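Predicted, not measured: the structure shown is a model, and the values here were computed from it.
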Amino acid sequence: MQIDFAPSRQSTLGVEWELALVNARTGELVSVANDVLKGVAANHPDLNEDDEHPHIKRELLLNTVELVTGICETVKDAKEDLSRSLAAVREVTDPMGVEVFCAGSHPFSPPLLQPVTDKERYAKLIERTQWWGRQMVIYGVHVHVGIDRRDKVLPILDGLVNYFPHFQALSASSPYWAGEETGYASQRALMFQQLPTAGLPFQFETWEAYESYVQDMFTTGVIDATSEIRWDIRPVANLGTIEMRICDGLATLEEVGAIAALTQCLVDEFSSILDAGGTIPTMPPWHVQENKWRAARYGMEAIIILDAEGNEQLVTEHLAETVARLEPVAAKLGCSEELADVLKIIERGASYQRQRRVAAEHDGDLQAVVMDLVQQMRKGPDA
C-alpha cells in the first residue's frame, strides 16, 4: 500500500497533554469528562454544546481530557497554547469541585472501575483487549515534530529510539498502581505495551518496507486504521510529523516544555545531520528493549546502553552531556530556557521520586500524593 507523507515545516511542534479529573476533596478519579467538555464548549463563543473544542478532546476514559496544541513554531508557543486550554478547563472544573493532575497513573483509584468513553473505536479496543484494555488507566504526553522530507522520517525515528531511556527516566511518574507500590519508576511503560501494536517501534530501512508492514497489519486484521499502530515513537504521515509517545504524564507545564524542547532539538539535530549527508547510528533491538526496561524499572538511576558496542553510562550523566551538546540547536529554535529545564528535572527529581517522597512523609498515604500532584499543576513543580 502507498502511505503518502505530507511534509511539514521542519521542526514545527505540536504537544498533547492528557489530564486526569479527580474529586477535589478525596483525590479519587471522577468520570465527568463529558460534563467538562460540554461546559468548555458552552464557554466557547464559536461552538455549540455538542461541538468538539479544537484544543480540548475526549480520551479513552471518562476520567480524562486531553489538551492538544495547534501547530507551533516554538516550545514557548506550545506552552502558551496549553496554558490557555488548561485555563478553559479550570473555568468548568473549579465550580464542579473537580481538580486536574497529570502522572503516568493514578496512585490508588481502581483501574477496573473506570468507565470508558462511549465511542465505537474505544468499545472495539476494550472488546478485543479485555482485561489488559480495562487496565489502561494511564496518562501521557506526546510531542509531534514536523519533518520536511519523507526520507528523513525513519532515520530520525531510529535516532530517537536511542534516547528512549532518557525520555522515560525524565518523565517516569507511575510508581503506584491501584494502591500498590510497584517497585518501578514507570509502571505505565510496561502496562501500555500489552496492547496490540503498542510498544517499541520496528526499525525499517526504507519507507516502502514500512508501507509493507502497514499493509500486512491491514491484511491480517490487526488494525483497521493506521492510527491503531500505537508505537512509542511513530510516523504520522497525514500530519507530516514524527510523534514521540514515550513519556509518562508530566505534572507541570514546565516539565512538558522541557520534554518538548528535548524532542524538538534532537529531531532538528538529526534532520541537520541528514541534510549534510550524514547517517544516524542505530542500536540492536535487544539493546533498545533492555534500555526501555531499565528506565521503566530504575528511572533516573538507570545505567543505560549507549551504542551498538555496549558502552554504558548513568542516564542522568548522559542527559547532562546531551543538553550541553544541544544548546546551539536550542538557541536556533528559541527553546534554550526550556531545554535547560531538563536539568531542573534531574536536580529536583523525576515525578516518581517526588511521589515516593510525599508518600514517605505522610506514612504511605497516597491521597497526599494525588493532592501534591494537583498543587504542582496549579503552582509549579516546587509547590
Side-chain angles (χ1 to χ4, degrees), residues 1-17 68-79 81 140-164 166-167 197 200-215 217 225-247 256-283 288 322 325-326 328-335 338-339:
M1 67 182 298
Q2 181 174 324
I3 301 173
D4 294 324
F5 185 83
S8 296
R9 293 194 311 283
Q10 182 60 48
S11 301
T12 48
L13 195 67
V15 181
E16 302 166 4
W17 193 14
V68 180
T69 71
I71 300 171
C72 301
E73 297 293 332
T74 67
V75 176
K76 180 182 178 182
D77 293 340
K79 288 173 67 176
D81 191 320
V141 170
H142 303 166
V143 180
H144 291 259
V145 182
I147 308 293
D148 62 358
R149 292 204 321 269
R150 191 190 75 177
D151 61 359
K152 290 183 181 179
V153 176
L154 296 177
I156 288 174
L157 183 152
D158 292 345
L160 285 176
V161 164
N162 296 336
Y163 288 86
F164 189 106
H166 305 66
F167 286 108
T197 73
L200 289 165
F202 296 107
Q203 295 168 276
F204 301 100
E205 291 190 7
T206 65
W207 188 259
E208 289 74 22
Y210 167 65
E211 290 175 326
S212 179
Y213 162 82
V214 176
Q215 179 64 69
M217 295 299 99
T226 307
S227 61
E228 293 175 5
I229 297 172
R230 299 181 176 92
W231 293 338
D232 297 321
I233 310 168
R234 66 181 181 184
V236 185
N238 62 309
L239 298 180
T241 67
I242 193 161
E243 182 184 10
M244 195 282 292
R245 299 158 47 87
I246 296 165
C247 291
V256 173
I259 290 294
L262 182 60
T263 309
Q264 187 186 34
C265 287
L266 283 170
V267 171
D268 194 81
E269 180 187 56
F270 296 146
S271 174
S272 296
I273 290 170
L274 295 171
D275 283 341
T279 58
I280 299 168
T282 60
M283 285 196 291
V288 175
T322 301
R325 187 188 80 234
L326 292 173
V329 182
K332 179 184 76 170
L333 296 173
C335 63
E338 290 85 4
L339 182 66

Fill in the blank from the handout: Taken in chain and number order and not counting sequence neighbours, the residues that satisfy ring-ring contact (aromatic ring centres under 6.0 Å, His included) with H144 are none

Handout entry: ring-ring contact (aromatic ring centres under 6.0 Å, His included) against F202, all qualifying residues, sequence neighbours excluded
Key = Y213

Practice task
Would you please name every residue forming a side chain to side chain contact (heavy atoms under 4.5 Å, CB included) with T279, sequence neighbours left out?
Solution key: none

Problem - From H166 atom NE2 to T322 atom OG1, the distance as rounded to the nearest 0.5 Å - result: 4.5 Å

Exercise for the section: Report the relative orientation of the aromatic rings in W207 and F5; use parallel for angles under 30°, tilted for 30 to 60°, perpendicular for over 60°. Expected result: perpendicular

Handout entry: Residues that D158 engages under side chain to side chain contact (heavy atoms under 4.5 Å, CB included), provided they are two or more places apart
Key = Q203, T282

Exercise for the section: Measure the shortest side-chain to side-chain distance between T263 and I242 over non-hydrogen atoms and say whether it is less than 4.5 angstrom. Expected result: no

Problem - Non-neighbouring partners of D275 that pass salt bridge (Lys or Arg N to Asp or Glu O under 4.0 Å), sequence neighbours left out - result: R149, K152

Practice task
Could you tell me which non-hydrogen atom of L154 sits nearest to which non-hydrogen atom of T206, and how far apart they are?
Solution key: CD1-O, 3.3 Å

Practice task
State, yes or no, whether a side-chain contact exists between Y163 and L262 at a heavy-atom distance under 4.5 Å.
Solution key: no

Exercise for the section: Give the minimum heavy-atom separation between L274 and P155, together with the two atoms involved. Expected result: CD1-CB, 3.9 Å

Fill in the blank from the handout: Shortest non-hydrogen pair, W231 vs L200, comes out as CD1-O, 4.0 Å

Exercise for the section: Would you check, one step at a time, whether the test side-chain contact (heavy atoms from CB on, under 4.5 Å) holds for V267 with Q10? Expected result: CA-CA 9 Å; V267 171; Q10 182 60 48; 3.9 Å; yes

Practice task
Taking all heavy atoms of L339 and all of C265, pick out the closest pair and write down the distance.
Solution key: CD2-SG, 4.3 Å

Exercise for the section: Could you give me the CA-CA distance, side-chain angles and deciding distance for L160 and F270, then say whether side-chain contact (heavy atoms from CB on, under 4.5 Å) is met? Expected result: CA-CA 9 Å; L160 285 176; F270 296 146; 4.2 Å; yes

Exercise for the section: Among T74, T241, V143, find the one that has a side-chain contact (heavy atoms from CB on, under 4.5 Å) with L13. Expected result: V143

Handout entry: CG-CZ distance between L266 and F167, expressed to the nearest 0.5 angstrom
Key = 5.0 Å

Fill in the blank from the handout: Across all chains, not counting sequence neighbours, the side chain to side chain contact (heavy atoms under 4.5 Å, CB included) partners of A331 are S336

Exercise for the section: List in chain and number order the residues that pass side chain to side chain donor-acceptor pair (under 3.5 Å) with T12, two or more places apart in sequence or in another chain; answer none if no residue qualifies. Expected result: none

Practice task
Applying side chain to side chain contact (heavy atoms under 4.5 Å, CB included), name anything that partners Q2, two or more places apart in sequence or on another chain.
Solution key: D4, E211

Exercise for the section: Please collect all salt bridge (Lys or Arg N to Asp or Glu O under 4.0 Å) contacts where either partner lies in residues 231-242, sequence neighbours excluded, each pair once. Expected result: D232-K292, R234-E243

Practice task
Please lay out, stage by stage, how D77 and D81 fare under the test side-chain contact (heavy atoms from CB on, under 4.5 Å).
Solution key: CA-CA 6 Å; D77 293 340; D81 191 320; over 6 Å; no

Practice task
Please report the shortest heavy-atom distance between I280 and G159, naming the atom on each side.
Solution key: CG2-CA, 3.6 Å

Completion exercise
Residue pairs meeting salt bridge (Lys or Arg N to Asp or Glu O under 4.0 Å), one or both in residues 265-274, sequence neighbours left out, come to D268-K332, E269-R325

Problem - Rounded distance (nearest 0.5 Å) linking atom CG of L157 with atom CE of M244 - result: 12.0 Å

Exercise for the section: Of all the heavy-atom pairs spanning G146 and S8, show the shortest one and how long it is. Expected result: CA-CB, 3.8 Å

Practice task
Return yes if some donor-acceptor pair links the side-chain N/O of S271 with the main-chain N/O of I147 below 3.5 Å, else return no.
Solution key: no

Practice task
May I have the step-by-step check of side-chain contact (heavy atoms from CB on, under 4.5 Å) for R245 and E16, ending in yes or no?
Solution key: CA-CA 9 Å; R245 299 158 47 87; E16 302 166 4; 5.6 Å; no

